[in-house]
Amino acid sequence: QVQLVESGGGSVQAGGSLRLACTASGLRLSNYAICWFRQAPGKERAGVSCISWSGSRVDYVDFVKGRFTISRDNAKNTVYLQMTLLKPEDTGVYYCAPDVVDPRYSGPRSFPLVPGDFRYWGQGTQVTVGS
């Protein structure tokens with residue numbers, strides 16, 4: 001059974017940093033393109049960033065460009081989201097999701113992503129940014 005586990009969230013003040021991590025069981029993350037999503041309070045889940053299976057391609061939604069960095073260490077079967085210069089608007093539950101439809105896709109990603117196209121989800125990790 002596939003299980004996704006997100007970790008690294010917490011509560012920080014504006015301008016602070018957090019590093020999220022995504023691991024999995026039941027599938028090898030190194031074989032998949034991975035996307036991070038955020039679900040802000042009262043809003044739908046929205047794509048934040050994606051990375052191709054090899055790490056050769058990365059994409060970001062406009063409001064995190066220059067502040068967030070997605071990366072992966074396939075030897076550790078882990079995908080990361082380094083978040084810096086955090087803003088209150090970044091608050092939400094963050095999820096990682098493998099692209100099980102086209103796991104080796106290495107082209108550009110257009111936002112917004114369609115969450116319904118991603119089959120597997122973990123419990124997410126809460127990120128809270130105060131003012």
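- Under a 4.0 Å N-O distance rule, the pair Lys65/Asp59 does not qualify as a salt bridge.
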### Query
Hey, mind stepping through Phe111 and Asp62 against side chain to side chain contact (heavy atoms under 4.5 Å, CB included) and telling me if it holds?
CA-CA 9 Å; Phe111 294 86; Asp62 285 347; over 6 Å; no
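- Nearest heavy atoms, Thr91 versus Arg38: O-CD, 3.9 Å.
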### Message
Before you tell me yes or no, could you show the steps for Thr128 and Val12 under side chain to side chain contact (heavy atoms under 4.5 Å, CB included), namely the whole-Å CA-CA distance, both residues' side-chain angles and the distance that decides it to 0.1 Å?
### Response
CA-CA 6 Å; Thr128 302; Val12 298; over 6 Å; no
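- By the 4.5 Å heavy-atom criterion applied to side chains, Pro98 and Leu4 are counted as neighbours.
- With salt bridges taken as basic N to acidic carboxylate O contacts below 4.0 Å, none links Asp102 and Arg104.
- Less than 2.5 Å separates the SG atom of Cys22 from that of Cys96.
- The pair Arg67-Asp90 meets the salt-bridge criterion, since a charged nitrogen lies less than 4.0 angstrom from a carboxylate oxygen.
- Scanning both residues, Asn77 and Leu29, for their nearest heavy atoms gives OD1-N, 2.7 Å.
- For residues 7-59, the set of pairs meeting the ring pair (Phe, Tyr, Trp, His ring centres under 6.0 Å) definition, not counting sequence neighbours, comprises Phe37-Phe118, Phe37-Trp121.
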### Task
Check the pair Cys50, Leu113 against side chain to side chain contact (heavy atoms under 4.5 Å, CB included), reporting the backbone distance first and the verdict last.
CA-CA 10 Å; Cys50 296; Leu113 303 178; 3.6 Å; yes
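- Rounding to the nearest 0.5 Å gives a distance of 7.5 Å between CZ of Arg19 and OG of Ser71.
- Under the 4.5 Å side-chain criterion, counting only non-hydrogen atoms from C-beta, Val93 is not in contact with Val127.
- Contact annotation: the side chain of Asp99 never approaches that of Ile34 to less than 4.5 Å [non-hydrogen atoms, C-beta and beyond].
- Put simply, Phe63 and Tyr94 are part of the same group of oily side chains (I, L, V, M, F, W, Y) that touch within less than 4.5 Å, one to the next.
- Pairing each heavy atom of Gly55 with each of Arg72, the nearest pair is N-CD, 4.0 Å.
- In this structure the side chain of Glu6 reaches within 4.5 angstrom of the side chain of Tyr95, judged on heavy atoms.
- Heavy atoms only, all atoms of each residue included: Gly92 and Gln126 are closest at O-NE2, 3.5 Å.
- The only option from Asp73, Asn74, Ile51 that meets the side-chain contact (heavy atoms from CB on, under 4.5 Å) definition with Val79 turns out to be Ile51.
- Between Arg45 and Pro115, the shortest heavy-atom contact is O-CG, 3.2 Å.
- Side chains of Thr84 and Phe68 form no contact here, defined as non-hydrogen atoms less than 4.5 Å apart.
- Just one of Lys76, Met83, Gln82 meets the side-chain contact (heavy atoms from CB on, under 4.5 Å) condition when paired with Tyr80; it is Lys76.
- The heavy-atom pair separating Gly130 from Pro88 by the smallest distance is O-CG, 4.0 Å.
- To the nearest 0.5 Å, atoms CD (Gln1) and OG (Ser25) are separated by 9.0 Å.
- The structure places CD1 of Ile70 at 12.0 Å from CZ of Arg57, a figure rounded to the nearest 0.5 Å.
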